[in-house]
Q: 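Please find one structure pasted underneath; my questions will follow.
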Amino acid sequence: MTALIYLIPAALLLGLLGLAAFLWSLNSGQYDDLDSAPHRILFDDENEESEDSAGKN
Amino acid sequence: MADALHQSHSNPIADEAELFDTGATPVALSDASPFIRHDEEGGATLDLVIENLHCPACVQKIEGALSRCAPIRKARVNLTTHRLSIVWDEQKISTTYIIQLLAKLGYRAKPFDPLLGATLGNEGEKALLRAIGVAGFSAANVMLISVSVWAGLVEDMGPATRDFFHWLSALIVLPAIAYAGRPFFRSAWRALTAGGLNMDVPISLAVIAAAGMSLWETIVSGSYVYFDAAVMLLFFLLIGRYLDLRVRSKARSAAHNLLALRTTTATLVDKEGHHHLIPVEHLAKDMILFIAMGEHIPADGAIVQGASQVDASMVTGESLPQAVKKGDAVYAGTVNLSAPLSVCVTAAGEQTVLSEIVRLMEAAEQARARYARLADRAAQIYAPAVHLLAALTFLGWLIFSPVGWQAALINAIAVLIITCPCALGLAVPAVQVVAVGRLLKQGIFAKAPDALERLATIDAVVFDKTGTLTYGTPHLINAEEIKVEDLALAASLASASRHPLCQALLRAAGPAAAISGVTEHPGQGLSATVQGRELRLGNRTWCHANDPSTETNPKASELWLSVPGRAPVRFTFRNQTRPDAERVIRYFRARDFFVGILSGDRKDVVSTLAKKLGVDHWQAEMKPQDKIAALEKLKAEGRRILMVGDGINDAPALAAADVSLSPSSASDIAQASADFIFQGDRLAPVMELYDVAKKSRRLILQNFGFALAYNLVAIPLAIGGIITPIIAAVAMSASSLLVTANALRLHLMKGQKRQ
């Protein structure tokens, strides 16, 4: 039973990490345009300017 | 499909010097400036709505071209909302320049007002997603603990460990409920303070009661702890809420885009003869306007210079172009076809024929009875019923049993939890999301979220003629009489012009090799000299086609091609019926629908078409108010009407009908008032749409049935006091999964066969 003392906090911490990652991706606008996102990786990135700005607005 | 749509785009020409060479001297559009946001580094940010943005290739084309233009610091296209966000140096280039750059790429762009609710809807969606994330995290982790507790019931878990686990659950769940439950609590509070009940009242009550009771049980080391059920309930309901909001905000976004695209500019001629672009709202009486070929006339006016033909089909439904000359009156919304005109404005803004139509439309919209959505009607019965049941359970246990008020309260709360409207809250949004997604794949756009429900109940279909049953544009009808090389030659000439007949010729001939040195002679035609021979394409006199044996057909438009040394060749064009119009009409007639045609066109044209399509009820030469009156008459007979139309003159009728539909070639104002917009040359989407609406309604009702069946089993258990936390958890997830799976069936159902 003593294992619970570190297993439960560890499980919760991992869950919280997942939640934090989700909230971060949401706030950085990664869900704003799901229609073009899968195609963007195929674009030629001749210019860094317009491609690196993954929804900072 | 995306590739096919692409053919209409012109080649990307990003030559910057060429941009301003458009005849008119552009001045900064005064209507864009309020929409520009400024940052500290001198950058300006503007959102633009982009028309005809279809696929990722468009995104790449626009972003690529704009990023090659140095003053533009950032350009990002959002394919979902059809909007472009740009940050640029305002000192160096103007908004007009950017809009023209986009026009050169083949995209019409209009500034978008960022305050127009776009960001609002987005924020709401994000808040819900955040709540879903928190509720999901909490539900998953508390389930980990709950399963251990349930397993411990049959194994050897001591009360101390169980209590510890319950406290742990409380720690995870209570903050999550406080955060993720807010959308429901707020809405329930609003309903209660307004003296009403909505679906969120029983939801909030169930969640709060479950959490409160579980906390109490934890404190007194009881075993009836429903933390997992409470947060799972929230998780599922939040998903339903999110899906619902997405359908709505997608619809609203489409409507706002149309609104933004509607405002247009006019070319003003000042006293020195210079041209200026001004927003149409700034037009005033006695201004002189220049109207290029192919342009919409922005205000009612009288022609002061030039002679041309105008296409009034969008305004009156009249299918043939009318010849106009100096002194004639022209009306806002009509299209100038064959030669540039100068027009003196006689009425602008509020006094135009167009504004009159807009007023009619607004009045019709207000008169339209508000439709009560199925979900709302279900909630109206559901909420009071649940509260009554819970109260009766409490009183029943209190009076007829010796268990005491605490046990009675626990059973009453169990009723509230178990009747959780999980299935009900998911039943409608899940079906709607699947339906809207399926329609979108077929090129049908839903603009009003409840329109699908309204559509499922119609029993009358009324069509407009010009542009709806027929194409809005002319089609070549005598292609078989013409030699292939003549057609190709004519198309090569025609590719230099934007005249509708030339465009129709191009569509019929396919891609044509352009001839250089084509001159356009306004009001007459085109000419070019190839290998020393003068080729001409244009009207009868321009091509010297004076052979009396080729009499002009009064019901068609024509173009002639003359090649020296040969008899001129005639191309006849007609506003043709859409190929599947007859099938669509048969489909509705087979279902015993009232099928009618309301047209502004002449009687003989309409009656010929009605006879051909087998429509008995038709009326011709109708003004917008006549169309409304006709619809009102049908409504008075108890009919529920679907109106399909495209013209400016149809807009009021579209707003007055129970549900309405426009092709994507329709006038902006018709699209703005329609509930659905369909793309493509076929009329078949009308059937597809009705079919999907019918099926969605059936699925929604089925889902309500499932929810009812579930409650019929679960409620007696809850009232009897034999619900345990594990039963509640299993029953709720099972019913939610069932309705979601049932909604997904819409994807598998066979659609209307597309020929």
Side-chain angles (χ1 to χ4, degrees), chain A, chain B residues 37 39 45 47 53-68 70 72-83 85-87 114 119 122 125-130 132-142 144-145 148 157-158 160-161 164-165 168 171-172 176 440:
Chain A
M1 276 315 213
T2 44
L4 288 179
I5 290 171
Y6 61 86
L7 276 182
I8 288 178
L12 286 180
L13 193 71
L14 285 174
L16 278 174
L17 270 180
L19 179 63
F22 170 71
L23 291 179
W24 168 79
S25 65
L26 180 67
N27 283 337
S28 66
Q30 295 185 31
Y31 295 89
D32 285 356
D33 183 12
L34 295 176
D35 290 340
S36 69
H39 301 273
R40 278 182 187 273
I41 52 164
L42 302 173
F43 291 0
D44 303 327
D45 33 30
E46 40 194 274
N47 50 83
E48 242 73 283
E49 281 274 308
S50 67
E51 308 291 335
D52 69 348
S53 47
K56 279 187 189 133
N57 49 342
Chain B
R37 287 155 287 156
D39 60 23
T45 307
D47 287 341
L53 183 72
H54 300 299
C55 67
C58 300
V59 174
Q60 191 179 11
K61 203 159 100 181
I62 294 176
E63 287 185 356
L66 289 184
S67 61
R68 276 194 291 280
I72 297 180
R73 293 185 201 158
K74 201 196 101 186
R76 179 94 180 174
V77 177
N78 186 326
L79 188 60
T80 312
T81 56
H82 288 213
R83 283 174 209 151
S85 168
I86 41 173
V87 182
T119 43
N122 207 1
E125 265 181 55
K126 275 195 174 168
L128 269 182
L129 271 179
R130 251 178 253 132
I132 290 177
V134 170
F137 157 79
S138 165
N141 283 285
V142 83
L144 199 75
I145 295 166
S148 322
M157 185 181 274
T161 318
F164 168 66
F165 274 22
L168 209 58
L171 186 73
I172 300 170
L440 209 58

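By convention in this document, chain letters (A, B, ...) are assigned in the order of the sequence lines, proteins followed by strands, and residues within each chain are numbered from 1. What you are looking at is a predicted structure, and each value in this text was computed from that prediction instead of being measured.
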Q: Quick test of your reading of the model: are A:Arg40 and B:Glu63 salt-bridged, counting only N-O distances below 4.0 Å?
A: yes

Q: Mind checking whether B:Phe165 and A:Ile8 have side chains closer than 4.5 Å, heavy atoms only?
A: yes

Q: Measuring from B:Ser67:OG to B:Ile72:CD1, what's the distance to the nearest 0.5 Å?
A: 8.5 Å

Q: Within a strict 4.5 Å, meaning less than it, do heavy atoms of the B:Arg73 and B:Ile86 side chains meet?
A: no

Q: Can you tell which part of A:Leu12 gets under 4.5 Å to a heavy atom of chain B, answering side chain, backbone, both or neither?
A: both

Q: With a 4.5 angstrom heavy-atom cut-off, could you sort out which part of A:Leu26 is near chain B: side chain, backbone, both or neither?
A: both

Q: Is B:Val87 in contact with chain A via its backbone, its side chain, both, or neither, using a 4.5 Å heavy-atom distance?
A: neither

Q: Would you check if A:Tyr31 and B:Lys126 make a side-chain contact, meaning some heavy-atom pair closer than 4.5 Å?
A: no

Q: Name the option with the most non-hydrogen atom pairs under 4.5 Å to chain A; the candidates are B:Gly136, B:Ala140, B:Gly133.
A: B:Gly133

Q: Measure distances from B:Leu168 to the heavy atoms of chain A and classify the residue's part below 4.5 Å as side chain, backbone, both or neither.
A: side chain

Q: Which atoms of B:Asn141 are under 4.5 Å from chain A, going by heavy atoms: the side chain, the backbone, both sets, or neither?
A: side chain

Q: Measuring from B:Lys74:NZ to B:Thr45:OG1, what's the distance to the nearest 0.5 Å?
A: 7.5 Å

Q: Relative to chain A, which segment of B:Leu144 carries a heavy atom at a distance below 4.5 Å: side chain, backbone, both, or neither?
A: side chain

